[in-house]
Amino acid sequence: MEMETAEVSGEKKKKKGIVVLLIGPPGSGKSTFCDSVMKSPQRPWSRICQDIINKGKAGNKAQCLKMAIESLKEGKSVFIDRCNLDRDQRSDFINLLGGGPHVDQVHAVVLEIPAQVCISRSVKRTGHEGNLQGGRAAAVVNKMLQSKELPTLNEGFSRIMFCYSDADVDNAVKTYTMLGPMDTLPSGSFGLKHSDTKSQQPGIMKFFKKVSALPASSSSSNEKAATTPEANEKIEDVRVSPAKLGSVVPTLAFPSISTADFQFDLDKASDIIVETAEEFLPKLGSARLALVDLSHGSKILSLVNAKASRKNIDLERFFTFVGDITKLHSQGGLHCNVIANAANWRLKPGGGGVNAAIFKAGGPDLEAGTRARANTLVPGKAVVVPLPSTCPLRNAEGITHVIHVLGPNMNPNRPNCLNKDYTKGCKILREAYTSLFGGFLSTVEDQSKLPKRNNQATMSDSGAEDSERNKKYKGTQDKASTNNMESGDIGKKMSKGWRSWALALHVIAMHPERHENIVLESSDHIVVINDQYPKARKHVLVLARQEGVDGLEDVRREHIQLLEEMHNVGMKWIKRFQEEDASLIFRLGYHSVPSMRQLHLHVISQDFESDHLKNKKHWNSFTTSFFRDSVDVLEEVKSQGKANVESEDVLKGELRCNRCRSVHPNIPKLKSHIRTCPSQFPDHLLQSNRLLVRPETSN
DNA sequence: GTTCTAGAAC
DNA sequence: GTTCTAGAAC
């Protein structure tokens, strides 16, 4: 296509216009830039804004071109105020206008403003001409940035100015404001930030780089150098393909938990996301958190962006991203090594949404890996699943771990609905993010990018920093959030808010290698330790290692094998103890409601000779129906799918001798009685091997 | 879970 | 006055 072909050579230095393409996503400040220049310009300017070109409404590229030509004919210079992010978008303006008779030079002004800033500006402005506001903003900005290509001189620009900071923008505004009718500007590219990374990053990542890294003056200080060939090369350097991305920075990509199918209030959820992220960022070193949503109308992303931008959060390390969480690297150019899954409680594929997508992308490896770690998940908890090298998610996307996390449900059509109880709901959601970020933190630590934290770091504890041993750990959650009234499959104790001191066993079960000094025995499924406060001459615990089985109430048919292994290991220890002392008599069982997290089997001799047995609760927890014999638990789980549990009320009952059942007024008197009680044990204990007496001896 | 301690029980 | 428990604090 050609413009007019007159006056080719004649009066070159006559009044010719300059075409300036603004380049930047919505919210980067293109319109503001034009307005600033046009306040008191030294030459006439026309702003060609695609957002309003069509009688105040958005128009198209052709309309922009047409209007630009008209303005140029009138002797004006023009600002092309549209995003112009990729090369294709720019080429017509460069070729058609730049080659025309009224144009002297074509420039680019690149507004390299952090994506977060652009998004939050876009969200805030309600009267923006492009009608880009509210929830769509984040989505649109992210989408656009994915196709972004930085301009190069060989596209046909005679001059490019890169602006990374307000100071850069001011400087550029000044440059164009001062430009007289007959002036031209030096050719070349100016202010391009050093591509400082060895592993080059795609355009989108550039937007997350620290703005302050660029000295404000650099955009104008080295104009001479910028016209050299090296300057052009520099620009080319920045245009990289996402495939070249290295996995330098540990990054967790996570979907918004509970806000889709579980219908959790978006405003409350966004507060929790931002607050929990804020809490975790300092612990994460250089690692990053990215909230991801597939939807281009994501309200949650814009809420989170808006809230994050109001806080003092490092927006390079906490940001939002629009894309398919299973294809962030291949399609979005965002490299994450860990992704979170908004799982269902069964930890099974299906159900649509993120869960279905992630299980599909992870294939059998993910399912097997998940099953090896846990069978179910309760709301508020997370489980980290490492991916083997055969897993497609790992190969194609560089994902090394998937963290399943289950949030609270507010949808009456789903199990365990909280019926709009947001006191409970918020608590569980906060716990869910804490578990998730804690899980991510553990993967970061495991790659020894960070010094290890103290060993009680667990996924449900919000990172207690206590170090003094004997003080135990500060409580970080109160225990009030126990039973919701639903009778769903998960059980009554939907989300037990474990006090930090109650996590010790869980930590040991998850990381026996960190507790070699106290671990007596361990396998893939169990760990054996001495009870720290033995209530009898012999008292050991067999801990289940499987995540998500906190106590007897969580036990289901799928745990039968685990229960059998625990039982057998317990029996082995009894045998060992009885070989040392044949008079020892044992019981093997579980507390109905454990005080400490992680299913643990008590192996305890029936003498109860211990200074640590001090109160009624201690005694009754081992000698009433609160103590569930392992044989009975196994039988019940096999026959009815779960074990019966006794109420904690029985712990307050009277103090009865475990042999003769006589009642005693207090613990000292009881203890003195049991030292010499001559009676046989009650019948029910003598049956079914509940009481484990050494075969050779009697009673 | 334990520790600490006020005050009940004796 | 001493022992012991129960509840709060951790």
Side-chain angles (χ1 to χ4, degrees), chain A residues 454-482 493 495-512 515 517-520 527-544 549-554 589-604 608-624 626-628 645-657 662-675:
Chain A
N454 47 10
N455 59 17
Q456 69 271 26
T458 75
M459 308 211 313
S460 258
D461 184 20
S462 53
E465 300 290 349
D466 316 30
S467 53
E468 287 175 68
R469 271 248 159 135
N470 293 333
K471 275 200 178 164
K472 291 286 160 183
Y473 317 124
K474 271 200 296 274
T476 51
Q477 295 152 328
D478 67 71
K479 234 176 174 177
S481 78
T482 45
K493 297 232 165 174
S495 168
K496 186 157 178 168
W498 296 98
R499 297 272 190 166
S500 45
W501 50 256
L503 299 168
L505 298 181
H506 179 255
V507 172
I508 295 165
M510 294 302 130
H511 302 285
H515 303 269
N517 50 337
I518 57 166
V519 170
L520 303 176
V527 174
V528 181
I529 58 170
N530 272 309
D531 192 300
Q532 202 188 345
Y533 299 94
K535 304 300 186 293
R537 287 169 61 194
K538 294 294 177 190
H539 185 184
V540 300
L541 305 177
V542 182
L543 314 183
V549 197
D550 289 342
L552 209 46
E553 283 181 297
D554 300 325
Y590 303 87
H591 282 159
S592 286
V593 185
S595 295
M596 302 194 76
R597 179 178 176 187
Q598 201 64 19
L599 182 69
H600 53 283
L601 176 68
H602 290 270
V603 179
I604 185 166
F608 296 109
E609 257 182 62
S610 164
D611 290 343
H612 296 294
L613 199 161
K614 292 175 174 171
N615 59 43
K616 189 178 265 187
K617 184 177 180 181
H618 292 155
W619 177 257
N620 283 340
S621 71
F622 289 103
T623 60
T624 67
F626 188 82
F627 189 85
R628 304 296 338 279
V645 290
E646 182 60 87
S647 153
E648 287 171 282
D649 294 347
V650 301
L651 298 176
K652 295 189 172 131
E654 57 210 346
L655 294 167
R656 281 181 184 274
C657 171
S662 60
V663 178
H664 299 265
N666 56 47
I667 291 287
K669 292 206 166 64
L670 171 76
K671 283 179 125 181
S672 115
H673 167 80
I674 60 169
R675 269 197 288 274

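Numbered from 1 within each chain, the chains take letters A, B, ... in sequence-line order.
Ring centroid separation for the pair A/Phe622 and A/His602 comes in under the 6.0 Å cut-off. In summary, the aromatic rings of A/His591 and A/Phe626 are positioned with their centroids under 6.0 Å apart.
Distance A/Leu503 CG to B/dT2 C1': 15 Å, rounded to the nearest Å. Separating the CG atom of A/Leu613 from the C1' atom of C/dT5 is a distance of 14 Å, rounded to the nearest angstrom. The interatomic distance linking A/Leu505 (CG) with B/dT2 (C1') rounds to 14 Å, in whole Å. When the P atom of C/dT3 is taken as reference, atom CG of A/Leu655 falls 19 Å away, rounded to whole Å. Atom P of nucleotide B/dT2 and atom CD1 of A/Ile667 are separated by 13 Å, given to the nearest angstrom. Nucleotide C/dA6 holds its C1' atom 20 Å from the CH2 atom of A/Trp619, rounded to whole Å. In this structure, CZ of A/Arg499 is placed 15 Å from C1' of B/dT3, rounded to the nearest angstrom. Residue A/Asp611 contributes atom CG, which lies 15 Å from atom C1' of B/dT3 at whole-angstrom precision.
Note on A/Lys652: every side-chain N or O is 4.0 Å or more away from OP1 and OP2 of C/dA6.
Between A/His664 and A/His673, the ring-plane angle classifies as tilted under the 30° and 60° cut-offs.
Distance from the side chain of A/Lys614 is smallest to B/dT3 among C/dA6, B/dT3, C/dT5. When distances run from any side-chain atom of A/Tyr533 to the nucleotides C/dT5, C/dA6, B/dT2, the shortest one goes to B/dT2. When distances run from any side-chain atom of A/Trp501 to the nucleotides C/dC10, C/dT5, B/dT3, the shortest one goes to C/dC10.
In this structure, the side chains of A/Thr623 and A/Leu655 stay at 4.5 Å or more apart for every pair of heavy atoms.
Among the atoms of the strands shown, only primed sugar atoms or phosphate atoms (P, OP1, OP2) are found under 4.0 Å from some heavy atom of A/His618. Within the nucleic acid shown, A/Lys535 comes within 4.0 Å of sugar-phosphate atoms alone, with no base atom in reach, counting heavy atoms only.
The line from CG of A/Asp550 to CG of A/Leu599 is 9.0 Å long, rounded to the nearest 0.5 Å.
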